[in-house]
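Beneath this line is the structure, given in structure tokens, with notes to follow.
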Number of protein chains: 2
Amino acid sequence: MYERKIPEDLECGINVSMKVLGGKWKACILDSISKGVRRPSELHTAISSAAPRVINMQLRELEEYGMVCKKIFPGTPLKVEYYLTPTGESILPLVAAIDQWGLTNRDHIIRMQEALQ
Amino acid sequence: MYERKIPEDLECGINVSMKVLGGKWKACILDSISKGVRRPSELHTAISSAAPRVINMQLRELEEYGMVCKKIFPGTPLKVEYYLTPTGESILPLVAAIDQWGLTNRDHIIRMQEALQ
DNA sequence: AAAATAAGGGAAAAATTATTCCCTGCGGGA
DNA sequence: TCCCGCAGGGAATAATTTTTCCCTTATTTT
């Protein structure tokens, strides 16, 4: 893991949530898993704009924070599945709300941004 | 403005919201303004962990997205106030939910992280 | 005259995150 | 045998974001 130089302030709830949801693909990954996309290769296909390596790394972080847990089915071909933990489940409404706000306000944001020539 | 090299995908609502809330201090700024901290220098004091320059920049972005609007009161000393726009108001429940989830789950996250030695 | 307050920006450096490239190991099919 | 798909990691690089440093303008206070 990368060792931070600037200490993070976890007093603020916003920072805690952002630690979990802030990565470029973390919310998408949680959303996908909640919809039943559990296997790494399926996630790579589902979130094709992200490089597989990136998804792996963010999965590892989500696992570290106890948002998902990884089940390894030994045997061959090796099978791995990720599941949401109760804490992971508990953040889904937030992810849904974030997605919803974004969809509702996308046009506004895009328009504003284009307005600056 | 910095010119992105990797295009952003605003199809996904999550990305739209993160554009607005993703900066390290944007949610804090929106929260502060909603609580009546309107003047730049007050914001600098209220969010003292952030360098003033950073707050200025994030304010400018929030203004670009139409989340806040800036009122300049000419005269001396010059007075500036930021207000939430209706769109800015509409994201407050989301900011509150993000803060709340973080506060509720802070201990869990911290514990998990410390558990990796 | 010097310093403080108000608002803010340019440029560069530092920090952080994301991405790419390539490698491992296992077993199955052509 | 060679290549494919599975799961995943190391190292380096690129991209992005945050921070620091210092400068500007105008008025008021000491």
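By convention in this document, chain letters (A, B, ...) are assigned in the order of the sequence lines, proteins followed by strands, and residues within each chain are numbered from 1. Basis for what follows: all heavy atoms, side chains included, without hydrogens, waters or symmetry-related copies.
Across the protein-nucleic acid pair, Ile55(B) atom CD1 and dG9(C) atom P stand 14 Å apart, rounded to whole Å. dA6(C) atom P lies 16 Å from atom CD1 of Ile72(B), rounded to whole Å. In this structure, Glu61(A) places its CD atom 13 Å from P of dT16(C), rounding to the nearest Å. Atom CD in Glu42(B) sits roughly 9 Å away from atom P in dA6(C) (whole-Å rounding). For Leu59(A) and dA7(D), the CG to P distance is 11 Å, given to the nearest whole Å. The NZ-C1' distance, from Lys79(B) to dT28(D), rounds to 17 Å in whole Å. Lys70(A) has its NZ atom 16 Å from the P atom of dC6(D), to the nearest Å. Regarding Met18(A), its CE atom lies at a distance of 18 Å from the P atom of dT16(C), rounded to whole Å.
For the OP1/OP2 pair of dG9(C) and a distance below 4.0 Å, the side-chain nitrogens and oxygens of Arg53(B) include no atom meeting the criterion. Neither OP1 nor OP2 of dT17(D) sits under 4.0 Å from any side-chain N or O of Gln58(B). Contact between the side-chain N/O atoms of Trp25(B) and the OP1/OP2 oxygens of dT19(D) is found at a separation under 4.0 Å. For dT16(D), neither phosphate oxygen OP1 nor OP2 lies less than 4.0 angstrom from any side-chain nitrogen or oxygen of Lys19(B). Within the structure, every side-chain polar atom (N or O) of Arg4(B) is placed at least 4.0 Å from both OP1 and OP2 of dA15(D). Proximity of Lys24(A) to the phosphate of dT19(C): a side-chain N or O atom is located under 4.0 Å from OP1 or OP2.
In this structure, of dT19(D), dT16(C), dT19(C), it is dT16(C) that holds the atom nearest to the side chain of Lys5(A). Proximity note for Ser41(A) (side chain, C-beta onward) versus dC6(D), dA6(C), dT18(D): the nearest is dC6(D). Comparing atom distances between the Arg39(B) side chain and each of dA7(C), dT16(C), dG8(D) picks out dA7(C) as nearest. The Val80(B) side chain lies nearest to dG8(C) when the options are dT16(D), dG8(D), dG8(C).
Looking at heavy-atom distances under 4.0 Å, Tyr82(B) makes contact with sugar-phosphate atoms alone, never a base. Lys26(A) comes within 4.0 angstrom of nothing in the nucleic acid, heavy atoms only.
Thr104(A) and Gln100(A) share a donor-acceptor pair across their side chains, judged by distance under 3.5 Å alone. Defined by atom type and a distance below 3.5 Å, a donor-acceptor pair is present between the side-chain atoms of Gln113(B) and Lys19(A). For the residue pair Glu63(B) and Tyr65(B), no side-chain donor N or O sits within less than 3.5 Å of a side-chain acceptor on the partner.
A salt bridge links Arg4(A) to Glu8(A): at least one charged side-chain nitrogen sits closer than 4.0 Å to a carboxylate oxygen. Under a 4.0 Å N-O distance rule, the pair Lys35(A)/Asp31(A) qualifies as a salt bridge.
The residue among Val54(A) and Pro40(B) whose nearest nucleotide of DNA chain C lies closer to the 5′ end is Pro40(B). Heavy-atom distances to DNA chain D give each of Ser49(B) and Asn56(A) a nearest nucleotide, and the one nearer the 5′ end belongs to Asn56(A).
No continuous path of ILVMFWY side-chain contacts below 4.5 Å connects Met112(A) to Ile29(B), so the two sit in separate hydrophobic clusters.
Counting atom types as modelled, Arg60(B) pairs no side-chain N or O with a base atom of dG9(C) as donor and acceptor under 3.5 Å.
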